Amino acid sequence: HRSPLNDFQRLRATELLAAPADPPRLLPEWGSAEQCAQRCAASLACRAFHHDRQSQQCHLLPWTQHSPQVQLQKNIHYDLYQKKDYLRDCIVADGSSYRGMRAMTEKGLRCQHWQATTPHDHSRFLPSPHNGLEENYCRNPDKDKRGPWCYTVDPNVRHQSCGIKKCEDAVCMTCNGEEYRGTVDHTESGTECQRWDLQHPHKHPYHPDKYPDKGLDDNYCRNPDSSERPWCYTTDPGREREYCRIRFCKKRPRPLNVTTSCFRGKGEGYRGRVNVTVSGIPCQRWDTQTPHQHHFVPEKYSCKDLQENYCRNPDGSEAPWCFTARSTVRIAFCFHIRRCPDELGAEECYHGHGESYRGHVSKTRKGITCQPWAAQTPHVPQISPITHPEAHLEENYCRNPDNDSHGPWCYTMDPRTPFDYCAIKPCCKPLPAPLQSYGDVVAFEQCGQRDERLQRKGR
Amino acid sequence: IVGGQPGNSPWTVSIRNRAGVHFCGGSLVKEQWVISTRQCFSSCDADLAGYEVQLGTLFKDPGPGDPDQQTIPIARIVCGPSESQLVMLKLARPATLNRRVALICLPPERYVVPAGTVCEIAGWGETRGTADGSVLNVARLPVLAHGECNAALRGRVKESELCTAPLRAGVGACEGDYGGPLACLTADCWVLEGVITPSRVCARTDQPALFIRVSLYVDWIYKVMRM
């Protein structure tokens with residue numbers, strides 16, 4: 001149930017540009033990204049491919065971004081998929097699939113070209129289209145337990161290991177690994193991870209477009225839901241998700257934005273002692289499971305400071321919150337903790353309702369990327385540069401073309417959220433528009449009527 | 001509802017979790033849209049699979065045979081402007097309007113309901129023994145002028161809040177009513193002027209009760225339904 005795309009790393013809206021002197025491109029093919037990946041995997045010459053999502057066309061490529069005279073370039077029509085083995089600078093298992101470009105041993109000796117027979121004559125490992133013995137790059141053609149190695153240019157040292165790190169050690173994680181962006185793509189039991197941008201074998205809500213800031217790349221282990229450590233959906237239909245084994249960083253990061261009397265941003269750094277909700281309901285202690293069972297056990301979230309029953313934000317919510325001591329109210333936000341004054345106005349702001357805002361913020365208040373105003377997907381817009389030419393609807397910048405009284409907004413890249421307001425604050429509290437009494441000119445249609453007899457019967 | 005009586009409020013809905021337990025109220029403003037409060041939900045990204053609204057019955061937990069009961073899954077939650085504490089819930093399918101299920105009107109933009117207007121709150125929440133908690137209870141509260149309320153609450157009333165006067169008899173909303181309506185009769189129609197949000201004490205006799213002033217957010221409400 002693994003997808004052929006599992007062997008590829010995706011770069012959105014990117015194209016590989018090669019110097020003209022290189023061999024001609026292979027002829028275009030048709031199909032989904034997965035079909036293209038299958039063809040590329042089957043072709044020895046193919047190391048990457050462009051996929052045009054609209055025309056479902058793909059171009060197989062014999063080079064990657066590491067190849068000489070090749071460069072990456074932005075191109076919204078293509079997604080670039082490159083074979084992971086050619087991109088990684090770490091090894092998986094014994095590294096026999098490593099196709100990186102390290103060409104130096106762990107002791108710093110330059111490697112001898114596999115083609116060459118001096119200073120060390122060997123006949124066992126000669127380059128072929130199949131074995132990846134290129135140039136003088138470190139390789140592991142004989143599945144040596146110590147990983148990739150090479151013959152060296154030092155006549156006294158015939159061959160030496162290259163000391164390439166295992167991927168699971170290459171990038172460490174802090175806290176609960178929410179920021180981990182390494183390339184581990186297997187679970188702790190060794191099962192391969194499912195890609196986040198695929199819905200098979202397991203359907204799931206964590207689509208990369210919906211959570212652009214969670215780093216849900218390819219099928220790498222991530223922690224988008226504040227679990228205790230990075231995990232992934234697996235390619236095993238019988239097992240939906242599983243934790244991954246990732247090394248903890250030795251150095252513990254100093255928490256950012258620590259405040260006690262107010263909160264900044266989402267309040268993840270709040271360490272105050274407020275322990276009641278807006279409505280005065282006491283908070284439940286984090287180290288108890290009654291009245292509400294939960295997984296935020298203080299020992300497993302040591303850097304979230306889940307002390308006593310203080311309001312905290314261990315999961316990236318909008319603001320500090322807590323489980324409440326009342327069984328009928330599971331969670332409540334502690335909105336009554338005030339926002340730190342220095343933060344107000346620290347970012348871009350807008351005047352009035354923001355009709356004349358011309359800044360470049362292009363994220364919603366939830367951090368979801370805005371849809372370009374001229375685009376038709378994922379939402380067909382009712383308001384566009386054509387319908388509102390004067391509203392400066394550029395790119396996907398937040399704007400307020402319909403004079404929404406709640407400020408600049410945008411259509412979003414989340415298929416389930418047509419529009420949302422942006423993370424921009426008013427520069428100053430707008431003077432409230434006068435509330436209207438309307439007198440008796442108010443009229444309503446087809447609403448607000450009930451059978452008064454039923455009302456009386458109720459009595 | 002503390003200090004209320006069994007009554008009829010055909011736009012008031014019961015919001016129930018995966019276990020089928022009532023935990024908050026809401027108001028039906030369109031066949032497929034309910035308004036409630038943010039405090040009832042853990043996040044704007046909450047996965048509401050298994051959550052439902054129940055309409056058309058006065059009973060909190062009606063028997064299977066209740067002919068008018070409608071139970072509709074919640075398809076999506078949309079959070080309002082940050083300071084609004086409002087959410088809109090899109091139902092998986094439209095409710096059927098009949099004698100027991102009706103839409104409540106939305107007020108004009110930035111409409112202020114005159115002080116003294118008699119409004120009512122409704123819900124299946126805590127009654128603190130003042131009424132039968134197994135049926136929908138309704139209580140009447142008079143609107144308090146903004147200035148008076150501000151004075152009573154030492155200047156802490158926001159423009160986005162609407163007050164009702166405290167009653168000596170102790171009448172007001174309580175747990176389980178949050179998200180429900182403050183409905184006021186205007187031009188012979190019941191209009192959703194306020195939404196019940198959690199408060200420190202239920203049915204206070206010494207302080208006005210606060211509700212979210214819906215008229216400040218009708219442009220957002222219509223925009224969500226339009227988009």
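None of these values were measured; they are calculated from a predicted model. Below, chain A is the first sequence line, B the second, and so on; all start at residue 1. In what follows, every heavy atom counts, from backbone to side chain, and hydrogens, waters and symmetry copies are set aside.
The distance from atom CZ of B:F41 to atom CZ of A:R330, rounded to the nearest 0.5 Å, is 14.5 Å. Taking OG1 from B:T12 and CZ from A:R450, the interatomic distance works out to 9.0 Å, rounded to the nearest 0.5 Å. Distance check, rounded to the nearest 0.5 Å: CD of A:Q382 to NZ of B:K223 gives 10.0 Å.
Under the 4.5 Å side-chain criterion, counting only non-hydrogen atoms from C-beta, B:D219 is in contact with A:H406. Looking only at side-chain heavy atoms (C-beta outward), A:Y421 and B:P81 come within less than 4.5 Å of each other. The closest side-chain heavy-atom distance from B:R38 to A:F333 is below 4.5 Å.
The part of B:E175 that comes within reach of chain A is its side chain, from C-beta onward, which places non-hydrogen atoms under 4.5 angstrom from that chain. When heavy atoms are compared at a cutoff of 4.5 Å, B:W220 approaches chain A by way of both its backbone and its side chain. With a 4.5 angstrom heavy-atom cutoff, A:D414 does not touch chain B via any of its atoms. Heavy atoms of B:V29 lying under 4.5 Å from chain A are absent altogether. Neither the backbone nor the side chain of B:V78 has a heavy atom closer than 4.5 Å to any heavy atom of chain A. Only the side chain of A:R326 has a heavy atom closer than 4.5 Å to any heavy atom of chain B. Heavy atoms of B:C79 lying under 4.5 Å from chain A belong to its backbone as well as its side chain. Interface residue A:W409: only side-chain heavy atoms are found under 4.5 Å from chain B. Contact of B:R226 with chain A is made through backbone and side chain together, with heavy-atom distances under 4.5 Å. Residue B:E126: no heavy atom, backbone or side chain, is found under 4.5 Å from chain A.
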*Between B:C189 and A:C447, does a disulfide bond (SG atoms under 2.5 Å apart) hold up when you go through it step by step?*
CA-CA 7 Å; B:C189 292; A:C447 62; 5.4 Å; no
*Which is it for B:V224 and A:F419 under the side chain to side chain contact (heavy atoms under 4.5 Å, CB included) test, yes or no, and what are the steps along the way?*
CA-CA 8 Å; B:V224 169; A:F419 83 95; 3.9 Å; yes
